[in-house]
Structure formats: structure tokens, C-alpha cells
Amino acid sequence: MGKAVRLDKFLADAGAGTRSEVKKFIQKGLVQVNGEIVRRPEQKVQPPEDEILLNGSGVEAAPEFVYYLLHKPAGCVSATEDKREKTVMDYIPSDRKGLFPVGRLDKDTEGLLLITDDGALAHELLSPKKHVPKTYYALVEGRVNDEDAAAMRQGVDIGEEKNTLPAELEILSVKEQDGGWQSEIRLTICEGKFHQVKRMMEAVGKKVIYLKRISMGPIVLPSDLKKGECRPLTGEEVELLKSTGGMR
Ligand code: URA
């Protein structure tokens, strides 16, 4: 059995209009419940058992939670609100209350960021105990070498109580550039400390000059999703995330 809710709340949550707009629709007789016109916005309904029509078309209940995959551009902060800065929420085409980013990327970091209102799932994905892997692509000043990769595998000192957990560093290229050296790497970490990738590379004497997250657990940044674009996660992706978080 579905939960009993006020008819006007049900319609507003389903995206049929604002609370005052849907009240007007109801009062005008545009809304039917199980084939009967209902004119009281406060009437309780119990979807999906109750069939609700607006202007003759069925209204689907809002999902319990929503999940977006954002390709975060540089220049915005991973917060729900900020007085001065643009936030990642400015890229989400929803005014649903309670949406927030799952973890943080630095203002200058790009790439995959999940946005949801499912607090339990976010909590699981961010839990230090769950060791959810996150992979980053980075452009780094200096010549990254096999010793650096070995150090990452061992764990490095970034000034925290303990060394970092083992991380996998893959060297993609090492090139001479403008009289110095630049390396492209992929680094997979299973923690989420503040500026972690930048601090880990600093620990081996290298400076990150560009950083992009390319995956989080089973979710990979789609190559056709441009910076600043987002799309809802598919049902399958949500299920994968839930099993990663140990919720399945
Ligand atoms: N590590 C960093 O240093 N910055 C990020 O934004 C994410 C991981």
C-alpha cells in the first residue's frame, strides 16, 4: 500500500506545478481521483492504488530519490549554496529540495560528481570503511616514475595521522614541455581526504596542474557528457552503486 498524502502535495511533488498552482487545478475540477472529480486540495490520496488524473492524463508519483551524474566544470564549488561562488547545484535542472553533492571536488577539479537526495546511499559511498575506489586523471609537473608508483602502492605521508591507503598509479605519458617535464597519470584512491590527490603527488615531489575525476565505484564519467552537463543515473547504475555501498 502506498503512503497517504494530500492531493495537492502529491501533485506538486510529482512536478504538476507549484502548491498554489495545483490547488487551483483541483478547485477548477481538473483533477480526478479514481474517476471522480475532487475539489478539496487536502483530500488524502494513496497512490499507486488511487489513480490520479490531471486534465485526463495519469500523474506518476515523484520517485523517492533522484540521482544525477554531473560532469563538473572547473570554477564552481562542491556545495549546495555559496554567497560568492557558483556551485555544482547551478548545473542541476531540478529544484527538488534536499539535493546535495556526494563528496567534494576542489573548485579547480573537473569530472564526475554524483548529486542526490539519497542521504543513506551517499553516507555509504563516502564512509571511510567502505573504501570505494575513485579514479582521477591528472597532469603533473615533473617526471613521474615507477618509484612514485611503488610509493603510492605503499602509502605516503600527507601529514595525517596515518599514511594513505594503498593507491594504484598508472603512468600514461612523460613528456618534455616548455623546458620542463610533464606527466599524465591515472591514480585510483580508496579514501577521500581533503586535496588528497594533490597532497599525494606533492609527497613524491610532483605538482598537480590539472585534475579530473573519471570514476567513482562502478560509475564512469561518460565520454559524451560535456563539462557542465548532467544526466540522471539509470536504474541499473543506481543498483550498482547500492551494491557498492553494501546496501544490497
Ligand atoms: N583530490 C584532490 O586533490 N582534489 C580533488 O578535487 C579530488 C581529489
Side-chain angles (χ1 to χ4, degrees), residues 68-82 84-92 99-116 121-144 148-149 151-172 182-222 225-230 241 244-245:
Y68 290 99
L69 188 170
L70 170 67
H71 186 163
K72 177 191 176 296
C76 60
V77 295
S78 301
T80 49
E81 282 179 1
D82 195 284
R84 283 171 292 272
E85 311 276 6
K86 210 170 161 86
T87 78
V88 290
M89 304 314 294
D90 294 333
Y91 296 93
I92 304 299
L99 285 170
F100 61 88
V102 180
R104 282 168 192 269
L105 291 177
D106 298 336
K107 187 176 167 191
D108 59 355
T109 302
E110 297 181 346
L112 183 152
L113 187 64
L114 300 176
I115 311 276
T116 187
L121 179 59
H123 180 79
E124 293 302 319
L125 293 172
L126 297 173
S127 160
K129 290 191 196 118
K130 290 281 156 63
H131 299 170
V132 174
K134 283 146 298 230
T135 300
Y136 294 84
Y137 163 88
L139 185 63
V140 171
E141 259 172 23
R143 297 174 79 167
V144 177
D148 299 332
M152 295 297 155
R153 224 169 291 130
Q154 282 290 310
V156 291
D157 182 359
I158 59 168
E160 299 274 335
E161 209 177 306
K162 288 187 182 156
N163 280 4
T164 55
L165 289 176
E168 192 56 40
L169 186 154
E170 200 185 329
I171 303 167
L172 303 174
Q182 274 186 8
S183 309
E184 287 179 294
I185 61 160
R186 253 198 301 263
L187 184 65
T188 301
I189 60 174
C190 296
E191 302 165 279
K193 304 233 161 67
F194 185 60
H195 295 332
Q196 182 152 350
V197 173
K198 293 173 185 166
R199 288 159 73 200
M200 287 175 80
M201 294 314 294
E202 253 168 45
V204 293
K206 312 289 183 319
K207 184 173 161 46
V208 170
I209 48 182
Y210 171 79
L211 189 61
K212 175 180 183 174
R213 181 152 68 189
I214 51 183
S215 69
M216 181 172 190
I219 309 299
V220 177
L221 183 68
L225 192 69
K226 299 193 186 77
K227 280 181 223 173
E229 285 183 353
C230 78
L241 273 178
T244 301

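Counting starts at 1 for both ligands and their atoms, in listed order.
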Does any N/O atom on [X] come nearer than 3.5 Å to any N/O atom on ligand 1?
X      : result
Leu105 : no
Arg104 : no
Arg199 : no
His195 : yes

Ligand 1 atoms in contact with Tyr136 (distance to a heavy atom under 4.0 Å): 7 (C), 8 (C)
Taking 4.0 angstrom as the limit and counting only heavy atoms of Thr109, give me the atoms of ligand 1 inside it, by number and element.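 With Thr109 as reference, the close atoms of ligand 1 come out as 4 (N), 5 (C), 6 (O).
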Yes or no on side chain to side chain donor-acceptor pair (under 3.5 Å) for Tyr136 and Arg213, after CA distance, side-chain angles and deciding distance? CA-CA 4 Å; Tyr136 294 84; Arg213 181 152 68 189; 3.2 Å; yes
Lys/Arg-Asp/Glu bridge criterion (N-O < 4.0 Å) met for [X], [Y]:
X      : Y      : value
Glu110 : Lys212 : no
Arg199 : Glu160 : yes
Asp148 : Arg153 : no

Where on Asp106 is there a heavy atom closer than 4.0 Å to ligand 1, on the side chain, on the backbone, on both, or on neither? both
How does Val208 reach ligand 1, by side chain, by backbone, by both or by neither, if only non-hydrogen atoms under 4.0 Å count? neither
Shortest protein heavy-atom distance from atom 1 (N) of ligand 1, along with the residue and atom involved: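 Checked against all protein heavy atoms, atom 1 (N) of ligand 1 sits closest to Val197 N, 3.0 Å.
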Between the side chains of Gln182 and Glu141, does any donor sit under 3.5 Å from an acceptor? no
Are Leu112 and Ile214 packed together at the side-chain level, in the sense that at least one heavy-atom pair is separated by less than 4.5 angstrom?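 No, side chains not in contact.
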Report yes or no: is the cationic atom of Lys227 (NZ for Lys, CZ for Arg) closer than 6.0 Å to the six-membered ring centre of Tyr91, at no more than 45° off its axis? no
